[in-house]
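Report on the following structure.
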Amino acid sequence: MDAPVTAFISETYGSGCRHFQIHARKAILQGLSPKENREIPPLNYDFVRRIQKDFPDAEFVLNGGIKTVQEVQALLVEFPGVMLGRAPYSNPYLLAELEQLVFGTPAVTRMTVFEQYRDYMEEKMREGVYLKHMAKHLLGLYTGLPGARAYRRHLSTHMHKEDADLSVVDNAVKFVTTETYSTPDAES
Ligand SMILES: Cc1cc2nc3c(=O)[nH]c(=O)nc-3n(C[C@H](O)[C@H](O)[C@H](O)COP(=O)(O)O)c2cc1C
């Protein structure tokens, strides 16, 4: 994070941009793959803190390495917003927890999330979308809860078949027996 980024922000700010989302890592364009660039270069939240001070009437949304509700809670005290990429991708229930925390919506169970998403999949399948393209986003829904592995295994074994229908997700969810309104610390 350094002069070229500041110059870029300055230029776009000069053109009227007031909202930035910053991945707080310096990308190394030669030698590291995009995946490695999301892991190897160290996180530098201080850069975002500094740039926010330099441009006080713009908002800088912090991205990179944020994994938990607690981290979001702490970071939202000093940043106007945070962006999460991989964490909700592997644990989509995090979004339900964050919705509750940030927007004050009532808590929902994973089963409610599952049922709402099932309705969505049903509608999309009528339009010709394959189950596998949607069910993959359910893989991490029960992460950390008893039965999660069997649930995940059932989904990943059966959702790829061309004729896979909603019975795949209905049978997968039968493996899960416990509900909580939070993300367990340890993965099962
Ligand atoms: C599967 C995947 C796809 C991504 N695609 C893009 C993309 O198309 N454009 C982009 O600017 N960043 C992309 N990113 C990077 C994310 O926007 C984000 O900056 C990065 O994952 C770091 O945040 P995180 O630590 O919360 O995951 C992608 C990340 C993942 C995991």
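Every number for a ligand or one of its atoms is a count from 1 in the order of the listing. These values consider heavy atoms only, across backbone and side chains, with no hydrogens, waters or symmetry-generated copies.
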Protein residues near ligand 1, heavy-atom distance below 4.0 Å?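 For ligand 1, the contacting residues are H23, R38, N63, G64, G65, M83, L84, G85, R86.
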Should the pair Y151 and Y142 be assigned to parallel (<30°), tilted (30 to 60°) or perpendicular (>60°) ring geometry?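 If you compare the ring of Y151 with that of Y142, the planes turn out perpendicular.
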Show me the donor-acceptor pairs within less than 3.5 Å that the side chains of residues 62-70 make with the rest of the protein, sequence neighbours left out.
residue, atom, partner, partner atom, Å
N63, ND2, M83, O, 3.0
T68, OG1, E71, N, 3.0

Measure the CD-OH distance between E122 and Y117 for me, rounded to the nearest 0.5 Å. 13.5 Å
Is it true that, when you exclude Q30 itself, more than 12 heavy atoms of the residues, nucleotides or ligands shown sit nearer than 6.0 Å to its CD? no
For F79, ring pair (Phe, Tyr, Trp, His ring centres under 6.0 Å) partners two or more places apart: none
Residues pairing under salt bridge (Lys or Arg N to Asp or Glu O under 4.0 Å) where one sits in residues 80-92, two or more places apart or in two chains, turn out to be E39-R86
